[in-house]
Peer 1: 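I'd like to ask you about the structure that follows.
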Amino acid sequence: MSLVIGVLALQGDVSEHCQAIQSCGSKALPIKYEKDLNNIDGLIIPGGESTTIAKLSYGSINSAGSINTKNNQTLESKISHSLMPTRIKTKPEQDNSNNTIPYSGLINKIKTLGLSGLPIYGTCMGSIFLAKYIENNLNQLSMQLMDIKITRNAFGSQKNSFETTLTINCLNPSEYRAIFIRAPLIIDVGTSVEVLAYLPDYIKLDKDYPTKAIMVKEKNFLASAFHPELTKDYRIHEYFLDMVKK
Amino acid sequence: MSLGNDNNNKVSKGSEVVKKALPQMLKGGVIMDVVNAEQAKIAEEAGAVAVMALERVPADIRANGGVARMSDPELISQIISTVTIPVMAKVRIGHFVEAQILEALGVDCIDESEVLTPADEEYHIDKNKFGIPFVCGARNLGEALRRIGEGASMIRTKGEAGTGDVVEAVRHARTILGEIKKLSVMPHEELMSYAKLINAPYELLLQVAKDGRLPVVNFAAGGIATPADAALLMQLGVDGVFVGSGIFKSANPGKRAEAIVKATTYFTDAGLLATVSRNLGEPMSGVSIHSLDSKEKLAVRGW
């Protein structure tokens with residue numbers, strides 16, 4: 001039976017990931033609700049805008065109407081028993097964040113599934129959602145599933161977005177054409193994190209960082225700063241599907 | 001400016017794929033018109049995927065008259081430094097120097113817009129010459145493909161900006177999407193004549209016939225004022241929406257903005273649409289499209 005890979009479909013380049021998964025012979029399922037998560041073998045968090053996804057996934061989807069359904073309240077009480085202790089702690093630098101967004105079900109369920117072993121791959125914005133630490137970020141929330149530190153928009157605005165040929169040793173051949181769009185950069189990694197690709201030396205940055213990683217793996221999690229779904233070279237999706245099969 | 005050496009041939013910036021990719025990341029989202037940094041912050045906090053920086057929203061341009069131009073670079077820079085989401089800004093149709101200025105300022109995308117007073121009544125900007133993406137308005141498939149032929153990386157319906165009347169956006173979305181459907185079943189021998197009929201570049205038309213969609217992201221714009229308006233356009237099949245005057249000309253911009261963002265994501269969920277549409281306060285008052293003189297209509301600008 002073919003694998004079913006969910007693609008978080010709140011906003012972003014969802015259809016490109018679905019296309020890539022289907023081209024690799026698996027089934028793609030766009031995910032908008034908690035119930036959609038029930039029957040998936042792996043999950044991709046696509047490229048998009050992190051502030052938008054944070055708003056949509058943490059904010060109670062009922063808050064605009066100031067009406068809370070019973071459903072959501074039940075969920076909140078469940079959360080307080082299971083995930084509250086590990087719930088995201090705002091770091092001191094994040095303390096002045098104006099975060100009044102109530103914690104909602106979708107992202108919490110994804111976090112629970114991730115902690116219990118569901119393979120999750122984040123591209124660009126998706127990698128931000130997996131990171132434990134986000135640099136210079138006041139009101140960003142992430143699932144904190146990977147022991148990495150990430151900086152958003154590391155290369156600046158769109159005029160500095162680029163494509164280049166990387167060496168990714170876990171691919172054969174290792175040459176890989178990658179597209180970076182207002183991309184983040186993984187600037188520090190914990191000891192349990194495997195770096196699969198570094199930023200090439202010829203790309204100079206204004207700032208110096210402990211590391212400059214662009215593709216990393218830790219346990220059942222995979223993250224890349226670039227967008228494999230924007231090319232027809234689906235080897236990275238295949239790599240992720242291999243992780244799912246294991 | 002992080003990538004030190006631009007002549008480094010190992011790094012390709014501003015390529016077609018890189019330019020088209022930015023709008024791809026905005027799909028399923030709402031792009032909001034803002035006139036200052038404070039509004040930009042409200043838009044970002046409400047979940048906008050990008051903001052459009054301009055001096056006056058279309059409703060005020062319509063009310064005040066006069067020549068509408070590119071915004072003050074100081075205003076645009078303030079907005080860029082306030083938000084982390086992409087910042088777009090408008091230039092007059094054909095005004096390639098305004099576009100050069102916006103590119104130098106570091107905006108993420110340029111809107112060559114009929115909302116501003118056209119600078120050239122014959123030619124649009126050669127958008128292929130620029131390293132950042134352009135979005136352009138279109139009322140039909142021929143117009144969309146002409147803009148893409150000039151290098152636009154994103155298309156939006158024109159609608160009738162600043163009215164709060166969604167009828168023209170619906171008309172343009174239905175026209176473009178309907179023509180695409182028609183193309184996808186058209187016998188191959190009819191395609192050249194159809195290209196001639198709608199004044200579209202033949203190669204692009206062939207691509208649309210084959211793919212069943214535009215080769216770039218296609219948003220709706222012009223007159224969207226409520227969560228239901230946004231969901232209507234999404235159900236018709238666009239990739240996302242622009243909301244201009246509809247947010248900051250309403251009674252409660254933050255709340256309305258957030259509701260429109262949710263409606264754009266959950267556009268088929270009528271229960272949720274009912275919930276988010278409650279108690280938003282007065283929408284922008286608006287003007288009916290039929291009360292406008294034909295010379296007051298902005299959508300007819302562009303060729």
Side-chain angles (χ1 to χ4, degrees), chain A residues 9-16 32-33 46-56 59 61-67 69 98 101 124-125 136-140 152-165 177 179-182 185 200 202-207 227 229-231, chain B residues 1-5 8 10-15 17-22 24-30 44-50 80 83-87 103-104 106-109 131-133 227 239-240 255-256 258-266 269 272 274-280:
Chain A
L10 297 177
Q11 188 273 316
D13 68 336
V14 178
S15 61
E16 288 81 351
K32 279 193 183 178
Y33 299 94
E49 281 308 315
S50 47
T51 50
T52 303
I53 301 290
K55 185 70 186 172
L56 285 165
I61 53 173
N62 297 310
S63 66
S66 304
I67 294 168
T69 63
N98 180 23
I101 306 167
C124 192
M125 174 204 75
N136 296 331
N137 207 317
L138 297 181
N139 35 13
Q140 199 74 60
R152 297 172 65 209
N153 296 347
F155 306 92
S157 69
Q158 173 64 14
K159 70 175 169 184
N160 286 316
S161 292
F162 61 97
E163 50 180 321
T164 193
T165 302
R177 190 75 176 166
I179 300 165
F180 293 77
I181 304 299
R182 288 168 45 92
L185 182 67
Y202 53 78
I203 297 176
K204 305 292 179 207
L205 290 165
D206 298 338
K207 278 171 82 176
H227 293 280
E229 74 281 10
L230 294 182
T231 66
Chain B
M1 297 327 141
S2 308
L3 303 179
N5 181 8
N8 188 332
K10 290 175 183 163
V11 176
S12 169
K13 294 197 225 173
S15 63
V17 61
V18 167
K19 288 198 286 181
K20 283 183 178 172
L22 178 90
Q24 285 175 278
M25 298 309 142
L26 306 179
K27 287 194 299 177
V30 183
E44 183 178 48
E45 279 170 7
V49 286
I80 289 173
V83 295
T84 62
I85 54 178
V87 175
E103 184 171 37
V107 305
D108 296 290
C109 181
I132 58 172
D239 295 319
K255 196 169 169 184
R256 180 168 295 268
E258 200 178 318
I260 293 176
V261 167
K262 286 168 183 165
T264 303
T265 291
Y266 292 96
D269 186 336
L272 180 120
T275 306
V276 301
S277 300
R278 286 176 195 235
N279 297 320
L280 295 180

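Below, chains carry the letters A, B, ... as their sequence lines are ordered, and counting in each starts from 1.
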Peer 1: So, A/Thr52 side chain and B/Ala48 main chain: donor-acceptor pair closer than 3.5 Å or not?
Peer 2: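 Yes; at least one donor-acceptor contact below 3.5 Å.
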Peer 1: Could you check A/Glu16, A/His227, A/Gln11 and say which one makes a side chain to side chain contact (heavy atoms under 4.5 Å, CB included) with B/Met25?
Peer 2: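 Running side chain to side chain contact (heavy atoms under 4.5 Å, CB included) over A/Glu16, A/His227, A/Gln11 with B/Met25 returns exactly one hit, A/His227.
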Peer 1: With a 4.5 Å cut-off on side-chain heavy atoms, are B/Pro86 and A/Arg182 touching?
Peer 2: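 Counting from C-beta outward, A/Arg182 and B/Pro86 do come under 4.5 Å.
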Peer 1: Please determine if B/Glu258 and A/Lys55 form a salt bridge, counting it only when a charged side-chain N lies under 4.0 Å from a carboxylate O.
Peer 2: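 Yes, B/Glu258 and A/Lys55 are salt-bridged.
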Peer 1: Using non-hydrogen atoms only, which part of A/Ile179 is less than 4.5 Å away from chain B: side chain, backbone, both, or neither?
Peer 2: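 For A/Ile179, the contact with chain B is made by the side chain alone.
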Peer 1: Are the side chain of A/Lys159 and the backbone of B/Glu103 linked by a donor-acceptor contact shorter than 3.5 Å?
Peer 2: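 Yes; at least one donor-acceptor contact below 3.5 Å.
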Peer 1: Nearest 0.5 Å, what's the OG1-CG distance between B/Thr265 and A/Leu56?
Peer 2: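 It comes to 4.0 Å.
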Peer 1: As an exercise, state the distance from CG of A/Asn160 to CD1 of B/Ile132, rounded to the nearest 0.5 Å.
Peer 2: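 Those atoms lie 11.0 Å apart.
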Peer 1: Of all of A/Thr165, A/Asn153, A/Leu230, which one pairs up most often with chain B through heavy atoms under 4.5 Å apart?
Peer 2: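 Of A/Thr165, A/Asn153, A/Leu230, A/Leu230 has the most heavy-atom pairs under 4.5 Å with chain B.
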Peer 1: Sub-3.5 Å donor-acceptor pair from the side chain of A/Gln158 to the main-chain atoms of B/Val18, do we have one?
Peer 2: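 Indeed, once roles are kept as given, a pair shorter than 3.5 Å links the two residues.
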Peer 1: Would you check if the side chain of A/Ser157 reaches a backbone N or O of B/Asp108 as a donor-acceptor pair within less than 3.5 Å?
Peer 2: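 The answer is no, because no donor-acceptor pair under 3.5 Å joins these two groups.
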Peer 1: Under 3.5 Å, is there a donor-acceptor pair between the side chain of A/Glu163 and the main chain of B/Lys13?
Peer 2: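 Not confirmed, A/Glu163 side chain does not pair with B/Lys13 backbone.
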Peer 1: Quick check on the interface: out of B/Val49, B/Ile80, B/Leu26, who has the most heavy-atom pairs with chain A under 4.5 Å?
Peer 2: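 Among B/Val49, B/Ile80, B/Leu26, the one with the most close pairs to chain A is B/Val49.
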Peer 1: Kindly indicate whether the side chain of A/Arg177, heavy atoms from C-beta on, has any atom under 4.5 Å from the side chain of B/Ser12.
Peer 2: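 Of all side-chain heavy-atom pairs linking B/Ser12 with A/Arg177, at least one is under 4.5 Å.
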Peer 1: Below 4.5 Å from any heavy atom of chain A, which atoms of B/Ala274 appear? Answer side chain, backbone, both or neither.
Peer 2: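 Looking at B/Ala274, nothing touches chain A.
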Peer 1: With distance as the sole test, does B/Tyr266 use its side chain to make a donor-acceptor pair with the main-chain N or O of A/Lys32 at under 3.5 Å?
Peer 2: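 Answer holds: yes.
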Peer 1: What is the distance from atom CG of B/Leu22 to atom CG of A/Asp13, rounded to the nearest 0.5 Å?
Peer 2: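 Those atoms lie 11.0 Å apart.
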Peer 1: By a 4.5 Å heavy-atom criterion (distance strictly below it), what part of B/Ala46 contacts chain A: side chain, backbone, both, or neither?
Peer 2: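 The answer is the backbone of B/Ala46.
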Peer 1: Who among B/Ala50, B/Gly29, B/Gly106 has the most heavy-atom pairs with chain A under 4.5 Å?
Peer 2: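 Heavy-atom pair counts peak at B/Gly106.
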